[in-house]
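All values reported here derive from a predicted model rather than from experimental measurement. Below, read A as the first sequence line, B as the second, and so on, with proteins coming before strands; counting in each chain starts at 1.
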Amino acid sequence: MTYVAEVIVDVPTMQTDVPYTYLIPAELGGQIRPGMRVEVPFGNGNRHIQGFVLKTYDHQNPAELSEFAMKEIVSVLDLGPVLNQEMLELADEMKETTFSFKITCLQTMLPSVMRATYQKWLVLIDEVPEDILYEVFKGLDEITWEEALASGRLSELMKLRQNEQIDIRYEVKKRNRSKTINGVKSSLSFEQIEEERQGLRKGSTQKASLLTMLQGMTEDQIMTVKEANDRFGVKRGTLNAGQRSGWLEIVEIEVNRDPYGKHTFEKNVAMSLNDQQLAAYEAIVASMKAQDNQTFLLEGITGSGKTEVYLQTIAEALDEGKTAIMLVPEISLTPQTVHRFKSRFGDEVAVLHSGLSEGEKYDEWRKIERKAARVVVGARSAIFAPLENIGLIIIDEEHEGSYKQDDTPRYHARDLAIWRSQYHHCPVVLGSATPSLESRARAQKKVYQLLKLTKRANEAAQLPMIDVIDMRREMAKGRMQTFSTPLLEKITDRLQKAEQVVLMLNRRGYSSFIMCRDCGYVLPCPNCDISLTLHMDSKTMKCHYCGHEEGIPHTCPICASQKIRYYGTGTQKVEEELRDLFPAARILRMDVDTTRRKGAHEKLLKTFGDREADILLGTQMIAKGLDFPDVTLVGVLNADTALNLPDFRSAEKTFQLLTQVSGRAGRAEKAGEVVIQTFNPNHYSIQYAKEQDFEGFYQAEMQARHQGNYPPFFYTVQIVASHEDENTAAKKMYEIVLQLKQVLSPNSIILGPTPKAVMRVNNRYFYQLVLKYKKEANLQVVLKQILDETQVDVRKGLKISIDVEPLNFI
DNA sequence: AGCACGCCGACT
DNA sequence: GTCGGCGTGCTC
């Protein structure tokens, strides 16, 4: 009987994107199962790489099975499967829908620590010349490839290799290590301990204590080293001695690096639901009990109590003995949110988000895998949580762009959630105050079931009054200003009443750059077609695309003028203005610069929440999910910067942002007020935001989308080609257009090819096209074919990416 | 990705 | 004559 395994190897190329067949050596027989990671030899040099086992089977005659001379699996990297059958199937789905390699999909599903790293070694296997031995190998048996490279004598070394004096060894390094602590297990029976006690010398108090401790332990009890010391006063050295005498065994215990272990969570109980919440709850629970894979769209205004519906439906899933996933945008995964879940469900909750260290993420993942957690709360990638028997999947703030990954595999968590719901026969709930047009339209067509929450859960809370200020008029009154007169008056008023103010600066489409007032010179990035952004925290100019960094110039490099100044409405500049206007006010600034440090975000919010500041000034990040009862005024300084961007979703994004930020005002008994400053006061996105009328906005925007042949009336695919040479990239795109035109129906529309808005990034040129279509039965095949045929060009440095339903067009 | 093989220019 | 450039094929 011969055992073989099909393995997906860690070589992300089109040609190797198929399973390879390996022999399972006798000593690993029975150990290897689908979903495990293994170490396999690959290619001419038999370098060792990581692979995923897809399936195993036994076969009488391997030659019959495979025309290749199969190689053997070297080792197993896992004790058990790390991906179950569902995940292996989901990887197939992702591969097809996102045009990516299977290996990339598989790796994306696991915590990053489980991605193997490789180390290459040069190993002495025979005598080598003395100078090589001492100068290159420094007298050692083996050196790393990097050390060999640094010696500058690679050609000599390669010759020695051909003579079989040196060998190359490939090492697959496993990085996922559970944190372990040491524990003690007794190896002696009660009687044996008595015997040992007789043999003890007088005065061996430590050993006597150890024996007493062991005697009190059951056969398979494990006591931690710490406990041994605390309870019995047995020191580590005594334990080691005990181990040497064969009295006990020292074992490793896996412990969880619980990132929230320090906190205690008081139990929080379910609140009563109003009629609308109850109706939503009942619809979802009924679907769950019927094992329906219905997708719900829960459209609920800010403060309508969506979260309470989530919590209670999850509780119901747990009661049914099932599990649940709740996705929230990265930015809303605040301690407040986590707290709310932990206090309702306690230890049953695992949290996955980017703020955790790699090790912590792995531990949370392990916690789910060993079924210690049945509720998973996390950002996009939490959709891969290895839960079984899922009863419910919730995606909060469904419209958020962060649910789509913006590099390969370009999956959308919403699509995968629906796929998993079909696998588990469970409902999906998409929740938002401002659903994406796509989802809202699907609800209209009854693909999703629409559930509406139109009342505030806390009835005392009033919807805020929204004031739209026409900045064109403000400008006509005098010089260009950041703050309009009405906004200034209202801020003054709140400061007098000791109430809090939130000010938002819309940074989308904005950056703070440096410009010479004499000649207009703007400091550009040397690698990209974009100006450098000023970063006050590091006192440098940085490129947001490639990371290039340089000093702040004091004189203009072109005309040598000293009048080279900071431009653009950055948060720092607004902060300075505010301090001039309101010297007594305590101002907090929250932007990428002040929240970069781990935990800084949390700390700023706490400071504001504790009323240690009067004004919170920030970018988009303040719009999401914070809940401060004393905030009675929200000001949006520039509502329309996004409106001018060449993106058909700009109105939608503006509406969503304004609605969200307005929701920050008047969360409690005090009435809230919102001031929106804009140059486009009559734009429908701003008008409907003022009226807080999502349905009105939806109708208007649908009309605009219909006119422009955009989603949800058309599907879209974006293809981008990039190369160091501008011509090569452009030429490729024109070829692709020709190829597409030959097969596409006349109803489909191709926009472009055009250079991307920032054409050059990191010294590569980017060209793109956008395809809009309603129905193209062969599209999948054609796009795959394009990728296949492009393989030759990939060798020459051309990169092609296909983004299905892209969210960003610029 | 990374290695071998193979075919061309410019060196001891 | 050979060393080494990188274009191409292939990896169970």
If the threshold is 4.0 Å, N to carboxylate O, is there a salt bridge linking A/Asp131 and A/Arg153? yes
Whole-Å distance between B/dA1 P and A/Tyr20 OH? 14 Å
Within this structure, what is the CD-to-P distance between A/Gln791 and C/dG7, rounded to whole angstrom? 17 Å
Roughly, in whole Å, what's the span from CD in A/Gln15 to C1' in C/dT8? 11 Å
Partner residues of A/Arg420 under the side-chain contact (heavy atoms from CB on, under 4.5 Å) criterion, sequence neighbours left out: A/Glu86, A/Met87, A/Leu90, A/Ile325, A/Ile390, A/Ile393, A/His424
Between A/Met158 (CE) and C/dG5 (C1'), how many Å, whole number? 18 Å
Treating primed atoms plus P, OP1 and OP2 as sugar-phosphate and everything else as base, which nucleotides of nucleotides 2-12 of chain B get B, S or - for protein heavy atoms under 4.0 Å? BSS--------
From the list C/dT8, C/dC12, B/dA1, which nucleotide is the closest neighbour of the side chain of A/Thr21? C/dC12
Find the distance A/Asp10:CG to C/dT11:C1' and express it as a whole number of Å. 14 Å
Could you check whether any side-chain heavy atom of A/Leu787 comes within less than 4.5 Å of a side-chain heavy atom of A/Ile800, counting everything from C-beta outward? yes
What's A/Tyr22 touching, base or sugar-phosphate or nothing? Going by heavy atoms closer than 4.0 Å. sugar-phosphate
Evaluate the criterion side chain to side chain contact (heavy atoms under 4.5 Å, CB included) for residue pair A/Leu149 and A/Leu154; output intermediate values, then yes/no. CA-CA 6 Å; A/Leu149 221 55; A/Leu154 209 58; 3.4 Å; yes
Spacing of A/Asp793 atom CG relative to C/dG7 atom P, expressed in whole Å: 13 Å
Over 12 non-hydrogen atoms of neighbours within 6.0 angstrom of OH in A/Tyr715: no
Tell me: CE of A/Met14 to C1' of C/dT11, nearest whole Å? 16 Å
Of all pairs that satisfy salt bridge (charged side-chain N to carboxylate O under 4.0 Å, His left out), the ones with a partner from residues 800-810 of chain A, not counting sequence neighbours: A/Lys404-A/Asp803, A/Arg410-A/Asp803
Atom-to-atom span, CD1 of A/Ile103 to P of C/dC12 - whole angstrom: 15 Å
